[in-house]
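Following: one structure in structure tokens, then a few remarks.
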Amino acid sequence: MNIKNEKFQTIGHWTYSWARLQDDLIPHYIETIDSTNLFAKKCPYSTKKNQVIISDDQTHGRGRNQNSWLSPQKGSALFSSWVFDLDYIPQPILAPLIGLDVYEALFEIRGFSNIALKAPNDIYMNDKKVCGILIETITQGSQSRLIVGVGMNVTATPHLATAGCIENFRSQNIDECAWGGFLIEFYKRLKLSVKESQKNQILPEKCKRILIALNQFQLLDQKYQEILPSGEIKTQSRIIPWFEI
């Protein structure tokens, strides 16, 4: 889809324009969509390139356990699903790796430091949720389709007390250049994590980084002690599987 040059460019437009320049990525832009993850499930398989579905308005977005994702002002958020067609089934360690990818890539925007990863699938700034991640894997014959849904409030906040947007935590507005820096870093990290998910253990150095990201969350009752190579979280009293947080 061609997007005309406009005085005001939305987050979806910026993301689509960036994605079109990537040699290994097929972008799909739909201005209003029910769910980017649902659309991703219907895309033709492509073993040569990855795909990304981008929208400026998602009417039936969902998070973990069928929770709804409330949309802020149209064009102010990232609604995206990143699609990888693989010849292997990603291991459970992928979830904490992708959480780390989003968390660390946000620092490329610069101007804020109060970012936290909240297991299993959220990014917070201070006590406000700014991003949700939904990972789905579909197996079909010898192929697996990995779908990584990323919804992020960028320049506006939904009418929800617990929600925020990343621009609210930055002294300057987010422009296309800053947003492009995030996308470059996130996609680079995401591709590496997808490859690493063929294994069933996280590298020790990344375990330490995930622990730091988790312990930035301001609403924790107590700090986590360790991230195990399996992705499980160790507290003072027990070991908790990532998706049971």
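Computed from heavy atoms alone, side chains included, the values below leave out hydrogens, waters and symmetry copies. Being a predicted model, the structure only gives us computed values, none of them experimental.
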Legend entry - Exercise: do T15 and W179 side chains pair donor with acceptor under 3.5 Å: yes
Closest approach of [X] and [Y], non-hydrogen atoms and distance?
{"X": "N153", "Y": "A163", "answer": "ND2-CB, 4.4 Å"}
{"X": "G99", "Y": "I133", "answer": "CA-CD1, 3.9 Å"}
{"X": "F243", "Y": "P120", "answer": "CD2-CB, 3.7 Å"}
{"X": "V154", "Y": "L78", "answer": "CG2-N, 4.0 Å"}
{"X": "A119", "Y": "I233", "answer": "CB-CD1, 4.0 Å"}
{"X": "Q51", "Y": "P44", "answer": "NE2-O, 3.0 Å"}

Legend entry - Qualifying residues under ring pair (Phe, Tyr, Trp, His ring centres under 6.0 Å), relative to W14, sequence neighbours excluded: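 Residues passing ring pair (Phe, Tyr, Trp, His ring centres under 6.0 Å) with W14: none at all.
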Would you compute the distance between atom [atom1] of [X] and atom [atom2] of [Y] and round it to the nearest 0.5 angstrom?
{"X": "D101", "Y": "L192", "atom1": "CG", "atom2": "CG", "value": "7.5 Å"}
{"X": "S81", "Y": "N37", "atom1": "OG", "atom2": "CG", "value": "3.5 Å"}
{"X": "Y16", "Y": "S55", "atom1": "OH", "atom2": "OG", "value": "13.0 Å"}
{"X": "S80", "Y": "H28", "atom1": "OG", "atom2": "NE2", "value": "13.0 Å"}
{"X": "L211", "Y": "L100", "atom1": "CG", "atom2": "CG", "value": "11.0 Å"}
{"X": "T59", "Y": "I33", "atom1": "OG1", "atom2": "CD1", "value": "8.5 Å"}

N/O donor-acceptor pair under 3.5 Å between [X] side chain and [Y] backbone:
{"X": "W242", "Y": "G231", "answer": "no"}
{"X": "K128", "Y": "A161", "answer": "yes"}
{"X": "D56", "Y": "K74", "answer": "no"}
{"X": "S35", "Y": "L38", "answer": "yes"}
{"X": "R170", "Y": "R110", "answer": "yes"}
{"X": "S144", "Y": "T139", "answer": "no"}
{"X": "Q198", "Y": "K195", "answer": "yes"}
{"X": "N50", "Y": "L25", "answer": "no"}
{"X": "T36", "Y": "I53", "answer": "no"}

Inset, instruction - Report yes if the distance between the aromatic ring centroids of Y124 and F217 is under 6.0 Å, otherwise no. - result: yes
Legend entry - Ring centroid separation F186 to W82 under 6.0 Å: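 Yes, close enough.
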Inset, instruction - Quick one: do M152 and F182 satisfy side chain to side chain contact (heavy atoms under 4.5 Å, CB included)? Show the steps, please. - result: CA-CA 12 Å; M152 184 182 298; F182 163 75; 3.7 Å; yes
Linking I/L/V/M/F/W/Y whenever any side-chain heavy atoms sit under 4.5 Å apart, do [X] and [Y] land together?
{"X": "I227", "Y": "I240", "answer": "yes"}
{"X": "Y103", "Y": "L219", "answer": "yes"}
{"X": "I174", "Y": "I184", "answer": "yes"}
{"X": "L214", "Y": "I239", "answer": "no"}
{"X": "I202", "Y": "I245", "answer": "yes"}

Pair listing, salt bridge (Lys or Arg N to Asp or Glu O under 4.0 Å) test, anchored in [range], at least two apart:
{"range": "residues 200-213", "result": "E104-R209, E196-K206, E205-R209"}
{"range": "residues 149-169", "result": "none"}
{"range": "residues 82-97", "result": "D85-R145"}

Legend entry - Working for side chain to side chain contact (heavy atoms under 4.5 Å, CB included), residues I147 and K41: CA-CA 8 Å; I147 302 170; K41 294 175 183 178; 3.5 Å; yes
Inset, instruction - Kindly determine whether H13 and Y29 satisfy ring pair (Phe, Tyr, Trp, His ring centres under 6.0 Å), including the steps that lead there. - result: CA-CA 8 Å; H13 288 179; Y29 174 83; 5.4 Å; yes
Legend entry - Flag if over 12 foreign heavy atoms under 6.0 Å of NZ, K223: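 It does: K223 NZ has more than 12 such atoms within range.
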Legend entry - Intermediate values then yes/no, salt bridge (charged side-chain N to carboxylate O under 4.0 Å, His left out), D122 and K129: CA-CA 7 Å; D122 296 328; K129 178 178 175 179; 3.1 Å; yes
Could you give the side-chain donor-acceptor pairs of residues 88-97 under 3.5 Å, partners two or more places apart or in another chain?
unit_1, atom_1, unit_2, atom_2, d
Y88, OH, V194, O, 2.8
Q91, NE2, I89, O, 3.2

Legend entry - Heavy-atom side-chain proximity of I123 to K118 below 4.5 angstrom: no
Legend entry - Flag side-chain contact, heavy atom, 4.5 Å: C131 against V102: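 Heavy-atom side-chain distance check passes, below 4.5 Å.
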Legend entry - Criterion side chain to side chain contact (heavy atoms under 4.5 Å, CB included) on V130 and C165, from CA distance to verdict: CA-CA 5 Å; V130 298; C165 72; 5.5 Å; no
Inset, instruction - List the steps, then state whether side chain to side chain contact (heavy atoms under 4.5 Å, CB included) holds for Y187 with V52. - result: CA-CA 10 Å; Y187 186 48; V52 61; over 6 Å; no
Legend entry - Qualifying residues under side-chain hydrogen bond (donor to acceptor under 3.5 Å, both in side chains), relative to S76, sequence neighbours excluded: none
